[in-house]
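To start, the structure itself, in structure tokens.
Sequence positions, counted from 1, serve as the residue numbers for this chain.
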Amino acid sequence: MTWQQEIDELARRHALKEAMGGPEGIERQHRQGKLTVRERLDLLVDPGTFDEMGKLQGRANYDDRGEMTNFTPVSSVRGLGKVNGRRVYVRGQDFTVRGGSARTDDGGVDIGHGHPDPTELMLPSVNLIDGAGGSVTEFSDLGRTYIPDGGQFERYCKVLNIAPVASAVLGPAAGGLAPIPCLSHFSVIAKGTGQVFPGGPPVVKAALGLDIDKEELGGHKVHTRISGVVDNVAEDEPAAIEQVKQFLSYLPDNVYEMPPRGDTSDDPNRRDERLLSLIPRNKRRPYNPRVILEGVLDEGSFFEIAPDYGSSRIIGLARAHGYPVGVMTNNPNQRGGSMDVAAAEKSSRLVQLCDTFHIPMVVLMDDPGFLVGPMSEEQGIERAGSRLVYSIVNSKMPWISFICRQSFGLAGSLQFRPGPHLFRRYAWVSGHWGSMHIEGGTSAAFRRVIESAPDPEAKRLELEETFQRISSPFRTAEASGLDLIDPRDTRARLCDFVEMAQGVIKTQLGPGSGPTFRP
């Protein structure tokens with residue numbers, strides 16, 4: 001006597017779960033230009049490594065003989081798999097089953113059954129989001145309504161200070177799924193198929209009488225350019241999942257482990273001759289800041305985060321001699337590189353990310369200061385700047401700064417890591433700095449002198465020339481000991497610092513002593 005009959009039944013039920021919403025549901029998903037959750041898993045995890053949890057969970061009906069007559073699987077999939085050889089926790093909605101919406105009576109009461117979550121596992125987690133949110137049809141099935149319970153968000157929040165979290169918005173992130181991209185260290189949205197909103201077009205119509213489609217309401221143009229709710233956009237689902245895999249490659253499994261070192265074939269002493277003449281002598285002329293990134297970071301290693309939001313600041317992750325680093329630099333081609341609210345917000349998140357996972361910060365500075373004007377004030381530039389101040393002051397990861405062209409005002413001072421932790425500062429010979437720009441500052445400080453002069457414009461130029469003569473970086477170096485360097489030596493200095501910093505990072509492993517990661 002064997003248990004083969006039960007083993008066959010187990011295989012049958014596994015097949016029912018893998019069939020998702022059936023051929024019609026799968027075909028409908030494909031007609032909408034979307035992959036199924038299992039096709040997404042195939043793109044994300046290494047072949048043959050996915051171990052699904054709760055694979056039998058769902059709703060079944062039985063006849064008088066106790067034989068199952070039909071089965072509807074739960075509208076989600078969760079489990080463990082490996083991404084490029086590293087184990088991760090994955091969860092995703094199955095849109096072919098009730099539009100990926102969860103139900104309060106799915107499969108009865110889940111008492112755990114040894115299904116650890118990412119916090120317990122201390123592993124990176126990936127959310128493959130594609131769910132339509134709640135539905136009033138559930139009330140009919142239940143025969144009652146229920147009080148919303150936000151307890152499910154606890155697991156999403158707790159893990160942020162333990163292990164990396166990445167979310168891919170591949171369909172609607174509606175209702176209770178709408179906060180998940182923000183409750184992540186990195187998020188990406190698939191162009192044309194992903195949207196984020198707490199209430200979709202029918203809800204908006206009922207509440208506001210406004211006719212609007214899903215893309216206008218919460219598509220990639222809204223959330224990667226205007227709101228900043230999602231970091232990056234991808235051309236399609238495979239590209240979005242590839243971005244998730246790339247992001248995770250820079251991060252450790254959890255806060256107790258060292259950031260993983262990558263390829264070291266790029267010579268740490270490589271000198272990029274373009275850097276010698278990159279910065280124009282005319283202070284008002286822009287240049288391509290990405291040339292600096294190419295010249296000082298490991299070749300092809302820069303992974304930009306939120307490129308379309310707060311575009312006056314370029315941020316991301318990269319490697320220096322194989323070691324992961326966070327990177328911030330100004331983009332003089334956007335608002336002159338000045339810091340607006342969006343740039344400050346995304347910079348704060350990068351600082352928190354790197355501090356949480358013990359990744360050194362690299363700042364390549366050309367900062368003219370905060371963006372001024374009525375719109376900036378209306379958006380609360382001071383509050384956004386203060387959040388960045390708080391994040392930087394309370395961070396403890398090693399920090400290295402290079403002034404490439406300018407550093408002015410409060411925004412400029414924020415680029416430097418204060419405090420007792422490992423910090424190194426250099427400046428290029430093209431650098432200049434101060435509490436404010438000589439041009440505007442002269443007009444403000446000497447307004448009466450200028451206005452009372454026989455030729456006000458000539459007097460203003462005379463005063464500005466006087467101050468320009470004493471703005472040489474060599475004078476600062478003489479007085480303060482600031483180290484001026486040849487721009488072509490930046491990569492060597494950076495790689496040496498980051499290698500040296502590994503010893504410090506080893507003493508900082510574990511949860512941060514500063515502020516926790518905040519969405």
Heavy atoms of other groups near R87 CZ, more than 12 under 6.0 Å: no
Whether N394 side chain and Y390 backbone form a donor-acceptor pair below 3.5 Å: yes
Worked verdict on I129 versus I180 for side-chain contact (heavy atoms from CB on, under 4.5 Å): CA-CA 8 Å; I129 304 174; I180 305 307; 3.8 Å; yes
Sidechain-backbone polar pair: S187 side chain, A168 backbone, donor-acceptor under 3.5 Å: no
V90 side chain reached by V45 side chain, heavy atoms, under 4.5 Å: yes
Criterion salt bridge (charged side-chain N to carboxylate O under 4.0 Å, His left out) on E294 and R274, from CA distance to verdict: CA-CA 10 Å; E294 294 168 4; R274 295 177 297 173; 3.1 Å; yes
CA sep, side-chain torsions, deciding dist, call: I305, F303, side-chain contact (heavy atoms from CB on, under 4.5 Å): CA-CA 7 Å; I305 297 175; F303 177 74; 4.1 Å; yes
Separation of R349 CZ from S391 OG (nearest 0.5 Å): 10.5 Å
Distance (rounded to the nearest 0.5 Å) between R290 CZ and N333 CG: 9.5 Å
N/O donor-acceptor pair under 3.5 Å between H220 side chain and A190 backbone: no
Of V83, V126, L43, the residue whose pairing with I241 passes side chain to side chain contact (heavy atoms under 4.5 Å, CB included): L43
From C404 atom SG to Y287 atom OH, the distance as rounded to the nearest 0.5 Å: 6.0 Å
Reported NE2-to-CD1 distance for the pair H432 and I403, which is rounded to 0.5 angstrom: 10.0 Å
Steps toward salt bridge (charged side-chain N to carboxylate O under 4.0 Å, His left out) verdict (K191, D236): CA-CA 6 Å; K191 186 181 293 186; D236 52 27; over 6 Å; no
Close side-chain approach of R488 to D272, heavy-atom, < 4.5 Å: no
Residues R387, E345; criterion salt bridge (charged side-chain N to carboxylate O under 4.0 Å, His left out); working and verdict: CA-CA 8 Å; R387 281 194 287 265; E345 292 284 3; 2.2 Å; yes
Any side-chain heavy-atom pair of L293 and V327 under 4.5 Å: yes
Worked check of side chain to side chain donor-acceptor pair (under 3.5 Å) between D130 and Q93: CA-CA 5 Å; D130 184 9; Q93 291 70 47; over 6 Å; no
Residues H358, L509; criterion side-chain contact (heavy atoms from CB on, under 4.5 Å); working and verdict: CA-CA 7 Å; H358 318 297; L509 298 181; 3.7 Å; yes
Exercise: identify the closest heavy-atom pair between L484 and W428: CD2-O, 4.2 Å
Contact check, side chains of L170 and L35, non-hydrogen atoms, under 4.5 Å: no
Heavy-atom side-chain proximity of V363 to M365 below 4.5 angstrom: yes
Shortest non-hydrogen separation from I315 to K346 and the atoms involved: CD1-O, 3.4 Å
Heavy-atom side-chain contact between Y426 and D489 under 4.5 Å: no
Criterion side chain to side chain contact (heavy atoms under 4.5 Å, CB included) against L217, the qualifying member of L210, I212, V222: I212
Test item: N330 side-chain N/O and P332 main-chain N/O as donor-acceptor pair under 3.5 Å: no
Verdict with supporting geometry, R313 and S347, side chain to side chain donor-acceptor pair (under 3.5 Å): CA-CA 8 Å; R313 178 68 60 87; S347 298; 3.0 Å; yes
K82 and D46 ion-paired at < 4.0 Å: no
M500, CE: over 12 other non-hydrogen atoms inside 6.0 angstrom: yes
Heavy-atom closest contact (D340 atom, S312 atom, distance): OD1-OG, 4.0 Å
Pair D263-R319, salt bridge (charged side-chain N to carboxylate O under 4.0 Å, His left out): steps then yes or no: CA-CA 9 Å; D263 178 51; R319 290 187 175 86; over 6 Å; no
Electrostatic pair D486-R271, nearest N-O below 4.0 angstrom: yes
side-chain contact (heavy atoms from CB on, under 4.5 Å) between V188 and V244, intermediate numbers included: CA-CA 8 Å; V188 58; V244 167; 3.9 Å; yes
Where P181 and S167 come nearest, the two heavy atoms and their spacing: CA-CB, 4.3 Å
Salt bridge (charged side-chain N to carboxylate O under 4.0 Å, His left out), paired with D298, selected from R261, R491, R270: R491
Heavy-atom closest pair, residues P289 and N331: CG-OD1, 3.7 Å
Spacing of OG1 belonging to T356 relative to CG belonging to N254, to within rounding of 0.5 Å: 12.5 Å
Any side-chain heavy-atom pair of H321 and V498 under 4.5 Å: no
Test: R425 cationic atom under 6.0 Å from F423 six-membered ring centre, within 45° of axis: no
Check: S301 side chain, L297 main-chain N or O, donor-acceptor pair, under 3.5 Å: no
Near-ring test Y309/H223, centroid separation under 6.0 angstrom: no
Nearest non-hydrogen partners of V229 and C182, listed with the distance: CG1-SG, 3.8 Å
Listed once per pair and sorted, the side chain to side chain donor-acceptor pair (under 3.5 Å) pairs that draw on residues 492-505, sequence neighbours left out: none
Backbone N/O of V372 and side chain of S376: donor-acceptor pair under 3.5 Å: no
Heavy-atom side-chain contact between Y256 and M122 under 4.5 Å: yes
Lys/Arg-Asp/Glu bridge criterion (N-O < 4.0 Å) met for E215, K221: no
Main-chain N/O of D117 paired to E120 side chain as donor or acceptor, under 3.5 Å: yes
Check: S311 side chain, D308 main-chain N or O, donor-acceptor pair, under 3.5 Å: no
Partner residues of F247 under the ring pair (Phe, Tyr, Trp, His ring centres under 6.0 Å) criterion, sequence neighbours left out: F186
NZ on K245 to CD on Q243, rounded to 0.5 Å: 12.5 Å
E299, CD atom: more than 12 neighbouring heavy atoms under 6.0 Å: no
